[in-house]
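Values reported hereafter were calculated over all heavy atoms of this structure, with side chains retained and with hydrogens, waters and symmetry mates removed. Per chain, numbering begins at 1; letters A, B, ... match sequence-line order.
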2 protein chains.
Amino acid sequence: MPGSASKKAAASKAADRAYAEIRSLILAGDASPGTPLREEALADIVGVSRTPIRDALRRLEAEHYAFRTPGGRLVVAEWDVDDVAEMFALRAMLEGHAAARAAQRITAAQLDSLRQCNAAIEAAIAQPTPDIARFLGENRRFHDLVLNASASARLVAMLASLVEQPIVRRTATRYDRADLARSAHEHGQLIQAFAAHDEEWARAIMTAHIRRALHAFQDASPSK
Amino acid sequence: MPGSASKKAAASKAADRAYAEIRSLILAGDASPGTPLREEALADIVGVSRTPIRDALRRLEAEHYAFRTPGGRLVVAEWDVDDVAEMFALRAMLEGHAAARAAQRITAAQLDSLRQCNAAIEAAIAQPTPDIARFLGENRRFHDLVLNASASARLVAMLASLVEQPIVRRTATRYDRADLARSAHEHGQLIQAFAAHDEEWARAIMTAHIRRALHAFQDASPSK
DNA sequence: GCATGGTGTTTTGTATACAATAAGGCCCGA
DNA sequence: TCGGGCCTTATTGTATACAAAACACCATGC
């Protein structure tokens, strides 16, 4: 019923399939950073003509999954440590802002959804071996719910290009059980702040929540 | 030499012309909020085929100049007071962040450019009747220079959709001489903060600078 | 050896034709 | 008079053909 806050308004069938397919190629690492994204080759892979491929590539470019060389060629973007830190910093600011807005606007029903979602997260963690995939899915859903409660289409769009990057995935994969539990605990505090409609409390918790993720990533990161 | 920080990588000739032309239609108010943007009609106006028009419209959609109806139609977006406040809030956060980054990274040459730019702004104000157009151009350039000094392509892209909206223009048009002088003074303080490489000082001034603009807009705003 | 210019190939940009789908009107029945 | 289901038409989505531009390569001259 809530759908996904980050899904763009579905326009067409082929262009959407192309977008999803190319994006998953990038996220899965099948198209590693620096790989050129040639329209005709992608058209063959996806099984559509170049026209919807071009649409999809424009979207991916706008979301910084790829960038354009001085000529017109598109290549898969790569993120160095500074980029990643910057992305987390922006996410912390914007999601903190979203949390503050949500605290003012959230409804009882939305609060319930958040509680149920976090319960699912805790269930995923509680298993003998934590269910990381389920954790990721529900975690994403939790943040989407907050974003929806913030009621700002602009925020939703801006964060779309920040949240689903491979980095988020890699970070959570490195989490041990204590990290996962801490994450769920922070969600719980966030729910309290929402229930109290205390926007600055919500902002602070969300900011801390994401900045902790940054440092978890940096600690797990190999070098530099 | 600095170009404009908000210009996207020029891809093609016709698509860029289409983008610029359609956008100026929107900004000038010739296409008022709610007006449908039909591809073929625009193709006739610009004098190119639908293909580059579609490219241009996708960009405008991504930058929230237009939005898509439940069907696939694009219409010119409109901004109510809440939207405007939200835009200013986001701008304040993001440009504050840019200023903080710039304070850490700025070079002597970049500082000189900023000083020259603000001198031009003061000159524009000092005239018997302040030269608003010149003020706007140089003001835009000042903020672009700061953005460049922040050295974050992501920030530049995110702010692009926030800064050139009609609201900014309308706001400055309402400024009286004292407002304009205050703006220039704040720029001067920002330069001091940059020279001292004090990132939190820079962030605070930039945040205040933009939030003041928000309230200037709201005060000048007719109703509600 | 190195720069330089030209040429062929690859890749993207644009135009156009056609298909699919959504919007709006019309008729009909209750 | 209102509502619901077709049917027409307007509008977007997709495919394909062609044009323009960029790249790579090689040859050529110094």
Side-chain angles (χ1 to χ4, degrees), chain A residues 3 7-26 30-78 157, chain B residues 3 7-23 25-26 30-78:
Chain A
K7 277 284 168 291
K8 327 225 27 165
S12 59
K13 205 165 42 189
D16 286 340
R17 281 199 312 121
Y19 171 81
E21 204 155 328
I22 298 169
R23 200 185 70 155
S24 72
L25 283 180
I26 296 173
D30 293 339
S32 55
T35 305
L37 293 168
R38 288 179 301 103
E39 296 173 357
E40 197 161 351
L42 292 169
D44 289 344
I45 294 174
V46 180
V48 297
S49 82
R50 273 179 55 208
T51 311
I53 296 287
R54 282 173 67 82
D55 266 22
L57 288 178
R58 286 289 152 80
R59 278 160 74 182
L60 292 164
E61 183 191 356
E63 291 169 5
H64 295 94
Y65 286 93
F67 67 93
R68 212 164 267 278
T69 64
R73 271 89 164 150
L74 267 184
V75 300
V76 177
E78 83 178 320
Chain B
K7 279 280 168 292
K8 327 223 32 162
S12 58
K13 204 164 43 189
D16 286 341
R17 279 199 313 122
Y19 171 81
E21 205 154 328
I22 298 169
R23 200 186 71 156
L25 284 180
I26 297 173
D30 293 339
S32 55
T35 306
L37 293 168
R38 288 177 300 103
E39 296 174 357
E40 197 161 351
L42 292 168
D44 288 344
I45 294 173
V46 181
V48 297
S49 83
R50 273 180 57 211
T51 310
I53 295 288
R54 283 174 66 83
D55 266 23
L57 289 178
R58 286 288 151 81
R59 278 161 72 184
L60 292 165
E61 183 191 357
E63 291 169 6
H64 294 95
Y65 287 94
F67 67 94
R68 212 164 266 279
T69 63
R73 271 85 165 155
L74 267 184
V75 301
V76 177
E78 82 177 320

Novice: When you match B:E40 and A:R50 each to their closest nucleotide on DNA chain D, which lands nearer the 5' end?
Specialist: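 The 5'-side residue here is B:E40.
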
Novice: If the cut-off is 4.0 Å, is B:R68 near the phosphate of C:dA22, judged by side-chain N/O to OP1 or OP2?
Specialist: no

Novice: Search all heavy atoms of A:F67 against all heavy atoms of A:A77 and return the closest pair with its distance.
Specialist: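 Answer, listing the atom of A:F67 first, then A:A77: CD2-CA, 3.9 Å.
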
Novice: Determine whether B:D30 and B:T35 make a side-chain contact, defined as any pair of heavy atoms from C-beta on separated by less than 4.5 Å.
Specialist: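 Heavy-atom side-chain distance check fails, nothing below 4.5 Å.
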
Novice: When the distance from NZ of A:K13 to C1' of C:dA20 is rounded to whole Å, what number comes out?
Specialist: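 A:K13 atom NZ is separated from C:dA20 atom C1' by 8 Å.
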
Novice: Could you work out which one of D:dT14, D:dG13, C:dA15 sits closest to the side chain of A:S49?
Specialist: D:dT14

Novice: Provide, to the nearest angstrom, the distance between the CG atom belonging to B:L57 and the P atom belonging to C:dT14.
Specialist: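 In whole Å, C:dT14 P lies 14 Å from B:L57 CG.
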
Novice: Tell me the interatomic distance from B:E39, atom CD, to C:dA15, atom C1', rounded to whole angstroms.
Specialist: 14 Å

Novice: For A:P52 versus A:A18, what's the shortest heavy-atom pair and its separation?
Specialist: O-CB, 4.3 Å

Novice: Between atom CZ of B:R54 and atom CZ of A:R54, what is the distance when rounded to the nearest 0.5 Å?
Specialist: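 Separation between the atoms: 11.0 Å.
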
Novice: May I have the step-by-step check of side-chain contact (heavy atoms from CB on, under 4.5 Å) for A:L42 and A:L57, ending in yes or no?
Specialist: CA-CA 10 Å; A:L42 292 169; A:L57 288 178; 3.9 Å; yes

Novice: Figure out the CD1/P separation between B:I53 and C:dA15, and round it to whole Å.
Specialist: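 That distance rounds to 9 Å.
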
Novice: By nearest nucleotide on DNA chain D, pick out whichever of B:L37 and A:R73 is the more 5' one.
Specialist: B:L37

Novice: Within less than 4.0 Å of OP1 or OP2 of D:dT12, is there a side-chain N or O belonging to B:R38?
Specialist: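 B:R38 to D:dT12 OP1/OP2: no side-chain N or O under 4.0 Å.
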
Novice: Figure out the CG/C1' separation between B:L74 and C:dA23, and round it to whole Å.
Specialist: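 Taking atom C1' of C:dA23 as the reference, CG of B:L74 is at 16 Å.
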
Novice: Please tell me if B:R54 has a side-chain N or O lying less than 4.0 Å from either OP1 or OP2 of D:dG13.
Specialist: yes

Novice: Using atom CZ of A:R59 as one end and atom C1' of D:dG13 as the other, report the distance to the nearest whole Å.
Specialist: 13 Å

Novice: Can you check the A:R17 CZ to D:dG13 P distance for me, whole Å?
Specialist: 16 Å

Novice: Tell me whether the side-chain N/O atoms of A:T51 come closer than 4.0 Å to OP1 or OP2 in D:dT14.
Specialist: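 For D:dT14, OP1/OP2 do not have a side-chain N/O of A:T51 under 4.0 Å.
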
Novice: Specify the separation, in whole Å, of atom CD of A:E61 and atom C1' of C:dG13.
Specialist: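 Spelled out: CD on A:E61 to C1' on C:dG13 is 14 Å.
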
